[in-house]
Trainee: 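Attaching a single structure in C-alpha coordinates format; questions to follow.
Chain letters run A, B, ... following the sequence lines, proteins first, then strands; residues in each count from 1.
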2 protein chains.
Amino acid sequence: MNKSILDVIHSSAEDLHAAGVMDLATLREFDALCLPPVEKYTASQIKSIRTHIKVSQGVFAAYLNTSISTVQKWEQGTKKPNGPSLKLLNLVAKKGLDVLA
Amino acid sequence: MNKSILDVIHSSAEDLHAAGVMDLATLREFDALCLPPVEKYTASQIKSIRTHIKVSQGVFAAYLNTSISTVQKWEQGTKKPNGPSLKLLNLVAKKGLDVLA
DNA sequence: TTTTATTGTAGCACTAAGTGCTATAAAAAC
DNA sequence: GTTTTTATAGCACTTAGTGCTACAATAAAA
(Lines give C-alpha, C1' and ligand atoms only; values in the text may rest on other atoms or scores of the structure.)
Protein backbone atom coordinates (compact mmCIF):
# COMPACT_ATOMS: atom_id res chain seq x y z
CA MET A 1 0.00 0.00 0.00
CA ASN A 2 1.73 3.12 -1.23
CA LYS A 3 0.74 6.09 0.86
CA SER A 4 1.80 8.66 -1.71
CA ILE A 5 -0.57 7.17 -4.27
CA LEU A 6 -3.41 7.34 -1.79
CA ASP A 7 -2.50 10.93 -1.11
CA VAL A 8 -2.70 11.76 -4.78
CA ILE A 9 -6.07 10.07 -5.10
CA HIS A 10 -7.25 11.88 -2.02
CA SER A 11 -6.22 15.36 -3.11
CA SER A 12 -7.56 14.72 -6.60
CA ALA A 13 -10.91 13.81 -5.11
CA GLU A 14 -10.82 16.97 -3.02
CA ASP A 15 -10.16 19.03 -6.14
CA LEU A 16 -13.07 17.41 -7.93
CA HIS A 17 -15.27 18.18 -4.96
CA ALA A 18 -14.09 21.78 -4.83
CA ALA A 19 -14.84 22.10 -8.54
CA GLY A 20 -18.37 20.89 -7.89
CA VAL A 21 -17.89 17.75 -9.95
CA MET A 22 -18.00 15.33 -7.04
CA ASP A 23 -20.62 15.44 -4.29
CA LEU A 24 -19.76 15.25 -0.61
CA ALA A 25 -20.95 11.69 -0.15
CA THR A 26 -18.76 10.41 -2.93
CA LEU A 27 -15.80 12.39 -1.58
CA ARG A 28 -16.32 10.70 1.75
CA GLU A 29 -16.18 7.33 0.06
CA PHE A 30 -12.78 8.21 -1.34
CA ASP A 31 -11.65 9.49 2.02
CA ALA A 32 -12.56 6.20 3.61
CA LEU A 33 -10.52 4.34 1.01
CA CYS A 34 -7.55 6.57 1.79
CA LEU A 35 -7.74 6.04 5.54
CA PRO A 36 -4.42 5.02 7.02
CA PRO A 37 -4.42 1.30 7.82
CA VAL A 38 -4.95 0.62 11.50
CA GLU A 39 -1.95 -1.18 12.92
CA LYS A 40 -2.23 -4.02 15.37
CA TYR A 41 0.03 -3.97 18.38
CA THR A 42 1.52 -6.70 20.50
CA ALA A 43 1.09 -6.63 24.25
CA SER A 44 4.55 -5.14 24.77
CA GLN A 45 4.00 -2.58 22.02
CA ILE A 46 0.88 -1.36 23.77
CA LYS A 47 2.82 -1.06 26.97
CA SER A 48 5.54 0.86 25.12
CA ILE A 49 3.01 3.31 23.75
CA ARG A 50 1.87 4.04 27.28
CA THR A 51 5.27 4.15 28.98
CA HIS A 52 6.70 6.44 26.32
CA ILE A 53 3.96 8.88 27.18
CA LYS A 54 4.81 8.41 30.84
CA VAL A 55 1.35 7.76 32.17
CA SER A 56 0.09 5.11 34.54
CA GLN A 57 -2.32 2.42 33.43
CA GLY A 58 -5.05 4.34 35.22
CA VAL A 59 -4.43 7.60 33.40
CA PHE A 60 -4.07 5.80 30.10
CA ALA A 61 -7.37 4.04 30.69
CA ALA A 62 -9.02 7.37 31.46
CA TYR A 63 -7.88 8.83 28.15
CA LEU A 64 -9.16 5.83 26.22
CA ASN A 65 -12.34 5.77 28.28
CA THR A 66 -11.83 2.19 29.27
CA SER A 67 -11.11 0.34 32.51
CA ILE A 68 -7.78 -0.26 34.16
CA SER A 69 -8.50 -3.95 34.00
CA THR A 70 -8.78 -3.77 30.23
CA VAL A 71 -5.51 -1.89 29.79
CA GLN A 72 -3.80 -4.43 32.01
CA LYS A 73 -5.08 -7.34 29.97
CA TRP A 74 -3.97 -5.67 26.75
CA GLU A 75 -0.46 -5.28 28.16
CA GLN A 76 -0.39 -8.82 29.53
CA GLY A 77 -1.63 -10.23 26.26
CA THR A 78 -4.64 -11.83 27.93
CA LYS A 79 -7.08 -9.88 25.78
CA LYS A 80 -6.62 -8.05 22.50
CA PRO A 81 -8.09 -4.62 21.80
CA ASN A 82 -11.01 -4.61 19.41
CA GLY A 83 -11.47 -2.35 16.39
CA PRO A 84 -12.34 1.01 17.97
CA SER A 85 -9.81 0.46 20.76
CA LEU A 86 -7.12 -0.22 18.19
CA LYS A 87 -8.10 2.95 16.40
CA LEU A 88 -7.59 4.93 19.58
CA LEU A 89 -4.25 3.27 20.23
CA ASN A 90 -3.16 4.18 16.71
CA LEU A 91 -4.21 7.77 17.23
CA VAL A 92 -2.27 8.01 20.47
CA ALA A 93 0.79 6.30 19.02
CA LYS A 94 0.90 8.59 16.00
CA LYS A 95 -0.50 11.86 17.27
CA GLY A 96 -0.01 11.76 21.00
CA LEU A 97 -2.43 11.81 23.89
CA ASP A 98 -3.67 15.32 23.23
CA VAL A 99 -5.80 14.29 20.28
CA LEU A 100 -8.07 12.57 22.79
CA ALA A 101 -8.49 15.67 24.93
CA MET B 1 -18.92 20.11 36.17
CA ASN B 2 -17.70 23.59 35.27
CA LYS B 3 -15.41 23.44 32.30
CA SER B 4 -13.84 26.84 32.91
CA ILE B 5 -12.66 25.75 36.35
CA LEU B 6 -11.10 22.65 34.88
CA ASP B 7 -9.42 24.82 32.29
CA VAL B 8 -7.91 27.01 34.98
CA ILE B 9 -6.64 23.98 36.88
CA HIS B 10 -5.24 22.58 33.71
CA SER B 11 -3.37 25.67 32.62
CA SER B 12 -2.10 26.21 36.16
CA ALA B 13 -0.70 22.70 36.16
CA GLU B 14 0.92 23.38 32.79
CA ASP B 15 2.55 26.49 34.19
CA LEU B 16 3.89 24.58 37.17
CA HIS B 17 5.30 22.00 34.82
CA ALA B 18 6.87 24.66 32.60
CA ALA B 19 8.44 26.19 35.70
CA GLY B 20 9.95 22.83 36.57
CA VAL B 21 7.94 22.53 39.76
CA MET B 22 5.72 19.70 38.58
CA ASP B 23 7.01 16.61 36.84
CA LEU B 24 5.46 15.22 33.66
CA ALA B 25 3.80 12.26 35.33
CA THR B 26 2.00 14.45 37.80
CA LEU B 27 0.98 16.83 35.06
CA ARG B 28 -0.55 13.89 33.24
CA GLU B 29 -2.55 13.03 36.31
CA PHE B 30 -4.01 16.52 36.29
CA ASP B 31 -4.68 16.29 32.59
CA ALA B 32 -6.63 13.09 33.11
CA LEU B 33 -8.75 14.77 35.76
CA CYS B 34 -9.50 17.59 33.34
CA LEU B 35 -10.52 15.30 30.52
CA PRO B 36 -13.86 16.28 29.03
CA PRO B 37 -16.56 13.89 30.22
CA VAL B 38 -17.46 11.34 27.59
CA GLU B 39 -21.09 11.73 26.64
CA LYS B 40 -23.37 8.79 26.06
CA TYR B 41 -25.57 8.86 23.01
CA THR B 42 -28.94 7.36 22.28
CA ALA B 43 -29.41 5.26 19.17
CA SER B 44 -30.92 8.14 17.25
CA GLN B 45 -28.20 10.52 18.40
CA ILE B 46 -25.58 8.19 17.00
CA LYS B 47 -27.44 8.08 13.74
CA SER B 48 -27.62 11.88 13.75
CA ILE B 49 -23.88 12.17 14.23
CA ARG B 50 -23.38 10.02 11.16
CA THR B 51 -26.04 11.54 8.92
CA HIS B 52 -24.91 15.08 9.72
CA ILE B 53 -21.50 14.11 8.39
CA LYS B 54 -23.23 12.61 5.37
CA VAL B 55 -21.54 9.25 5.33
CA SER B 56 -22.99 5.78 4.92
CA GLN B 57 -22.89 3.25 7.72
CA GLY B 58 -20.08 1.53 5.86
CA VAL B 59 -17.89 4.61 5.62
CA PHE B 60 -18.64 5.53 9.21
CA ALA B 61 -17.67 2.04 10.32
CA ALA B 62 -14.41 2.33 8.38
CA TYR B 63 -13.47 5.54 10.18
CA LEU B 64 -14.20 4.00 13.57
CA ASN B 65 -12.48 0.79 12.57
CA THR B 66 -15.51 -1.28 13.41
CA SER B 67 -17.98 -3.40 11.46
CA ILE B 68 -21.09 -2.27 9.64
CA SER B 69 -23.06 -4.67 11.78
CA THR B 70 -21.91 -2.89 14.91
CA VAL B 71 -22.81 0.57 13.62
CA GLN B 72 -26.23 -0.74 12.64
CA LYS B 73 -26.86 -2.15 16.09
CA TRP B 74 -25.80 1.11 17.72
CA GLU B 75 -28.29 2.98 15.57
CA GLN B 76 -31.04 0.45 16.18
CA GLY B 77 -30.41 0.46 19.89
CA THR B 78 -29.76 -3.27 19.94
CA LYS B 79 -26.28 -2.80 21.31
CA LYS B 80 -24.64 0.12 23.05
CA PRO B 81 -21.11 1.30 22.25
CA ASN B 82 -18.53 0.50 24.91
CA GLY B 83 -15.99 2.89 26.40
CA PRO B 84 -13.45 3.32 23.59
CA SER B 85 -16.21 3.37 20.98
CA LEU B 86 -17.99 6.11 22.87
CA LYS B 87 -14.74 8.03 23.03
CA LEU B 88 -14.46 7.87 19.26
CA LEU B 89 -18.07 8.93 18.81
CA ASN B 90 -17.42 11.91 21.07
CA LEU B 91 -14.36 12.87 19.08
CA VAL B 92 -16.27 12.72 15.82
CA ALA B 93 -19.25 14.60 17.21
CA LYS B 94 -17.10 17.40 18.59
CA LYS B 95 -14.17 17.57 16.21
CA GLY B 96 -15.42 16.01 13.00
CA LEU B 97 -14.32 12.97 11.08
CA ASP B 98 -10.91 14.32 10.14
CA VAL B 99 -9.47 13.79 13.61
CA LEU B 100 -9.62 10.06 12.86
CA ALA B 101 -7.72 10.38 9.58
C1' DT C 1 -40.99 2.99 -15.78
C1' DT C 2 -38.67 -0.96 -14.92
C1' DT C 3 -34.52 -2.71 -13.50
C1' DT C 4 -30.32 -2.72 -10.92
C1' DA C 5 -27.39 -1.46 -7.24
C1' DT C 6 -26.71 0.66 -2.97
C1' DT C 7 -28.02 1.38 1.64
C1' DG C 8 -30.41 0.39 5.69
C1' DT C 9 -33.46 -2.71 8.81
C1' DA C 10 -34.24 -6.85 11.55
C1' DG C 11 -33.15 -10.96 13.88
C1' DC C 12 -30.29 -15.24 14.91
C1' DA C 13 -26.23 -17.22 16.91
C1' DC C 14 -21.53 -17.30 18.61
C1' DT C 15 -17.14 -15.73 20.41
C1' DA C 16 -14.23 -13.07 22.78
C1' DA C 17 -13.57 -8.49 24.62
C1' DG C 18 -14.75 -5.73 28.50
C1' DT C 19 -15.32 -5.40 33.17
C1' DG C 20 -15.09 -6.04 38.20
C1' DC C 21 -13.00 -8.21 41.94
C1' DT C 22 -9.41 -10.17 44.82
C1' DA C 23 -4.83 -11.15 46.29
C1' DT C 24 -0.09 -10.52 45.62
C1' DA C 25 4.23 -8.37 44.14
C1' DA C 26 6.96 -4.57 42.75
C1' DA C 27 8.12 0.24 42.75
C1' DA C 28 7.90 4.82 44.41
C1' DA C 29 7.15 8.17 47.88
C1' DC C 30 7.38 9.31 52.52
C1' DG D 1 11.41 1.03 57.38
C1' DT D 2 6.79 2.09 56.41
C1' DT D 3 3.20 3.51 53.59
C1' DT D 4 1.18 4.34 49.16
C1' DT D 5 0.97 3.82 44.49
C1' DT D 6 1.29 1.00 40.57
C1' DA D 7 1.37 -3.24 38.24
C1' DT D 8 0.73 -8.44 37.82
C1' DA D 9 -2.12 -12.61 37.83
C1' DG D 10 -6.15 -15.19 37.76
C1' DC D 11 -11.30 -16.01 38.43
C1' DA D 12 -15.98 -15.37 36.89
C1' DC D 13 -19.60 -13.03 34.41
C1' DT D 14 -21.96 -10.08 31.07
C1' DT D 15 -22.59 -8.14 26.95
C1' DA D 16 -20.56 -5.83 23.03
C1' DG D 17 -18.73 -7.08 18.65
C1' DT D 18 -19.14 -9.65 14.73
C1' DG D 19 -20.83 -12.38 10.82
C1' DC D 20 -24.59 -14.00 8.30
C1' DT D 21 -29.06 -14.10 6.36
C1' DA D 22 -33.26 -12.28 4.40
C1' DC D 23 -35.96 -8.38 3.41
C1' DA D 24 -37.28 -3.41 2.77
C1' DA D 25 -36.29 1.15 1.20
C1' DT D 26 -33.97 4.21 -1.42
C1' DA D 27 -31.20 5.84 -5.32
C1' DA D 28 -29.18 5.29 -9.75
C1' DA D 29 -29.16 3.60 -14.35
C1' DA D 30 -31.28 1.26 -18.32
Side-chain angles (χ1 to χ4, degrees), chain A residues 16 21-33 38-90 92 97 100, chain B residues 16 21-33 38-90 92 97 100:
Chain A
L16 290 172
V21 182
M22 180 183 289
D23 67 7
L24 186 61
T26 308
L27 174 63
R28 289 301 192 186
E29 296 280 348
F30 276 79
D31 286 344
L33 289 175
V38 177
E39 290 183 36
K40 295 178 181 177
Y41 301 114
T42 66
S44 58
Q45 284 176 321
I46 295 177
K47 184 163 188 173
S48 293
I49 292 172
R50 177 179 63 83
T51 54
H52 277 60
I53 305 173
K54 300 215 191 311
V55 293
S56 66
Q57 291 175 338
V59 170
F60 197 59
Y63 270 88
L64 301 184
N65 196 35
T66 189
S67 67
I68 295 184
S69 181
T70 295
V71 170
Q72 289 173 343
K73 281 162 188 58
W74 289 347
E75 296 189 357
Q76 300 313 316
T78 309
K79 296 289 174 66
K80 295 181 181 180
N82 67 359
S85 298
L86 262 183
K87 181 74 184 188
L88 285 176
L89 289 173
N90 271 260
V92 172
L97 260 191
L100 304 189
Chain B
L16 290 174
V21 182
M22 181 181 289
D23 66 7
L24 185 61
T26 309
L27 174 63
R28 290 300 193 187
E29 296 280 347
F30 275 79
D31 285 345
L33 288 175
V38 176
E39 291 184 35
K40 294 178 180 178
Y41 301 115
T42 65
S44 59
Q45 283 176 321
I46 295 177
K47 183 163 190 173
S48 293
I49 293 173
R50 177 179 64 82
T51 54
H52 276 58
I53 306 173
K54 300 215 192 310
V55 292
S56 65
Q57 292 175 336
V59 170
F60 198 59
Y63 270 87
L64 301 185
N65 195 35
T66 189
S67 67
I68 295 184
S69 181
T70 295
V71 171
Q72 290 172 344
K73 280 160 189 59
W74 289 346
E75 296 189 357
Q76 301 312 315
T78 310
K79 296 288 173 66
K80 296 181 181 180
N82 66 359
S85 299
L86 262 184
K87 180 75 184 188
L88 285 175
L89 289 173
N90 273 258
V92 172
L97 260 193
L100 305 190

Trainee: Quick one: is A:Lys79 getting a side-chain N or O under 4.0 Å of the C:dT15 phosphate, OP1 or OP2?
Mentor: no
Trainee: Take atom CG of B:Leu86 and atom C1' of D:dA16, then tell me their distance rounded to the nearest Å.
Mentor: 12 Å
Trainee: Can you tell me if A:Gln76 touches the phosphate of D:dT8, counting only side-chain N or O atoms and a distance under 4.0 Å to OP1 or OP2?
Mentor: yes
Trainee: Round to a whole Å and report the spacing from NZ of B:Lys54 to C1' of C:dG8.
Mentor: 17 Å
Trainee: For a quick test of reading the model: is some side-chain N or O of B:Asn82 closer than 4.0 Å to OP1 or OP2 of D:dG17?
Mentor: yes
Trainee: Between A:Thr78 and D:dG10, is there a contact of a side-chain N or O with OP1 or OP2 at under 4.0 Å?
Mentor: no
Trainee: For B:Gln72 and B:Lys80, find the nucleotide of DNA chain D closest to each by heavy atoms; which residue's nucleotide sits nearer the 5' end?
Mentor: B:Lys80
Trainee: How long is the line joining NZ of B:Lys40 and P of D:dA16, in whole Å?
Mentor: 11 Å
Trainee: Taking only side-chain N and O atoms of B:Ser85, does any of them lie within less than 4.0 angstrom of OP1 or OP2 on D:dG17?
Mentor: yes
Trainee: With a 4.0 Å limit, can you tell me whether A:Thr70 has a side-chain N or O closer than that to the phosphate oxygens OP1/OP2 of C:dT19?
Mentor: yes
Trainee: Would you please confirm or rule out a distance under 4.0 Å between OP1 or OP2 of C:dA17 and any side-chain N or O of A:Trp74?
Mentor: no
Trainee: Verify the distance criterion only: is there a donor paired with an acceptor across the side chains of B:Ser67 and B:Ser69 at less than 3.5 Å?
Mentor: no
Trainee: Does A:Ser69 reach a base, just sugar-phosphate, or nothing at all? Heavy atoms under 4.0 Å.
Mentor: base
Trainee: Would you mind reading off the distance between B:Ile46 atom CD1 and C:dG8 atom C1', rounded to a whole angstrom?
Mentor: 16 Å
Trainee: Using whole Å, what does the distance between atom P of nucleotide D:dG17 and atom CG of B:Asn65 come to?
Mentor: 12 Å
Trainee: Do any side-chain nitrogens or oxygens of B:Ser67 fall under 4.0 Å of OP1 or OP2 in D:dT18?
Mentor: yes
Trainee: In whole angstrom, give the distance that lies between atom CD of A:Glu75 and atom C1' of D:dT6.
Mentor: 11 Å
Trainee: Considering the terminal five base pairs at each end of the helix from C:dT1-D:dA30 to C:dC30-D:dG1, what angle separates the two local helix axes, rounded to 10°?
Mentor: 60°
Trainee: If you assign each of A:Pro81 and B:Lys73 to its closest nucleotide in DNA chain C, which residue comes earlier from the 5' end?
Mentor: B:Lys73
Trainee: How do B:Gly58 and B:Pro84 order along DNA chain C: which one's closest nucleotide is nearer the 5' end?
Mentor: B:Gly58
Trainee: Which residue is it: B:Arg50, B:Gln45, B:Lys47? I am looking for the one with a side chain to side chain donor-acceptor pair (under 3.5 Å) to B:Glu75.
Mentor: B:Arg50
